[in-house]
Amino acid sequence: MFASLRRPDILLTTLAAAGILMVTMGTRQSFGLFIAPLDASTGLGIATISFALAIGQFAWGAIQPVAGACADRYGPRAVLIGGIVLLAFGAAVTPLMHSGLGLTVSLGLLAAMGSGAGSFSVLIGAAAQRLPLAARGSASGVINAGGSLGQFVFAPIMQRLIQGIGWMGALWAMALMTLAALPLVGKLTQGTAAPHAHGEEDRGVMHAIRVALSDRSYLLLHAGFFTCGFHVAFLVTHLPGEVNLCGLPPSVASWSLAIIGLANIFGSLYAGSCVARYRSKYVLAWMYASRTVLIAAYLVAPHTELTFYLFAAGLGFTWLATVPPTAAIVGKLFGVRYLATLFGLTLLSHQTGGFFGAWLGGLAISQFGDYHWMWYADMALAAAAALVNLPIREAPVAPVAPANA
């Protein structure tokens, strides 16, 4: 399934990008575990803390096209180093913040922008420019799986650290672990970018953006990815609160997040292989439709530990496995020269949805005392996302020639 990655230089590039994403996504996806201890320590209220994290969802997306454009123009090395350092700094200064504004600056801006600069758009763009066409689909699945592995590893570790040394110590430990990703930047960027084959003259990034934004398929892709962001941000931010409402211990939340990450490792690898065999728009439609069914099943099931773990495993299979087919469609429509920038704009749409998922979840629990209306909204949006992906313009997948041909 991943024969295209067997060459040592291709494998090293892919694993380096996956390792960086493991750290940046693992830390970012663990921030929801800090809501309850932050609220207990600062008394700021869940709505205020949720708003800071919602700003972080949007900032993570907003920085993606900017970071992608910088990486396309100047190379990814400085962008990735700056992002990792900024993420570590944001986590380290959070314990010094004692107001909603302070949390918004540290977690909502500094940490989120740092994580975004070291995330999908720059990493997949950097890898795609150093890999042959045949390896890009599988590589994107492996890179995406690195982010899922980060969630699987970091969520239980952060929960244990919060319980063992307190939330402040856990954030300082997170900052140190983030800096451990710096050596991987050199491994990713040491190769020479592959030459680009263009059907027409390269007219610059702004022209590429204008062309993309006038393309109906690109806009439909954005609409579906908005829903994905809403869904992911709502769950990663408020799953601990949902677990608490059900009278279950906090460990259920951390292990559920870990199971989501573990399941998405397999989902991402499978999605990467599907990109090479099927039209990506159909892969995306299936993923979004499955979420509607899973949420409906969760709502009618008894809310036990087993239910949460099964729900997490089901959702985890498609969690961020939407990234490889989404990036593949962008690459098919516009090529890889400005993939980091154009996919970064798609991620901005994703995180605009993420802002509303995190923020409205906090308002729902404050106003109604539960998340029922959020679950219904999530189901409706997932069904709509499945439908809007179907009209996307995408050529059939060309058969792969035998290796000895």
Side-chain angles (χ1 to χ4, degrees), residues 1-5 10-11 13-15 17-19 21-22 25-26 29 119-121 123-125 127-128 131 133-152 217 220-222 224-229 231-232 235-236 259-294 312-333 336 339 343 346-347 349-350 353 382 385-386 388-390 392 394-398 400:
M1 182 167 65
F2 295 100
S4 60
L5 303 181
I10 294 176
L11 185 61
T13 297
T14 302
L15 292 180
L21 191 62
M22 172 184 170
M25 286 298 290
Q29 297 283 49
S119 195
F120 295 111
S121 61
L123 292 171
I124 290 181
L131 299 176
L133 177 62
R136 289 171 189 162
S138 297
S140 66
V142 174
I143 293 168
N144 199 60
S148 304
L149 179 62
Q151 183 171 331
F152 173 70
S217 293
L220 290 173
L221 192 66
H222 277 225
F225 222 32
F226 173 95
T227 291
C228 183
H231 166 86
V232 168
L235 281 171
V236 79
I259 290 171
I260 288 173
L262 179 62
N264 197 228
I265 295 172
F266 299 101
S268 295
L269 295 174
Y270 183 68
S273 68
C274 285
V275 165
R277 292 186 291 164
Y278 310 108
R279 294 192 195 187
S280 295
K281 66 178 184 177
Y282 296 138
V283 177
L284 288 171
W286 172 83
M287 288 180 179
Y288 292 134
S290 71
R291 294 177 182 181
T292 304
V293 176
L294 284 167
L315 288 179
F317 194 76
T318 68
W319 184 249
L320 286 172
T322 54
V323 170
T326 301
I329 291 176
V330 176
K332 288 178 182 179
L333 291 174
V336 300
L339 178 60
F343 185 48
T346 311
L347 285 165
S349 176
H350 185 280
V388 301
N389 274 274
L390 296 177
I392 288 175
E394 183 184 5
V397 177
V400 178

Determine the minimum heavy-atom distance between [X] and [Y], stating which atoms define it.
X      : Y      : answer
Met287 : Thr318 : CG-CG2, 3.9 Å
Ala382 : Thr292 : CB-OG1, 3.3 Å
Tyr288 : Gly224 : OH-O, 3.4 Å
Ala17  : Leu123 : O-CD1, 3.7 Å

* Would you call the rings of Phe317 and Tyr270 parallel, tilted or perpendicular, where under 30° means parallel and over 60° means perpendicular? ->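 Tilted.
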Side-chain contact test, heavy atoms from C-beta onward, threshold under 4.5 Å: evaluate it for [X] versus [Y] and give yes or no.
X      : Y      : result
Ser280 : Lys332 : yes
Thr322 : His231 : no
Phe343 : Val323 : yes
Phe225 : Leu284 : no
Asn389 : Leu220 : no

* Looking at Ile259, Asn264, Leu294, which one forms a side-chain contact (heavy atoms from CB on, under 4.5 Å) with Leu315? -> Leu294
* For the atom pair CG (Leu221) and CD1 (Ile392), what is the distance rounded to the nearest 0.5 Å? -> 4.5 Å
* If you measure from CD1 on Ile265 to CE on Met22, what distance do you get to the nearest 0.5 Å? -> 8.5 Å
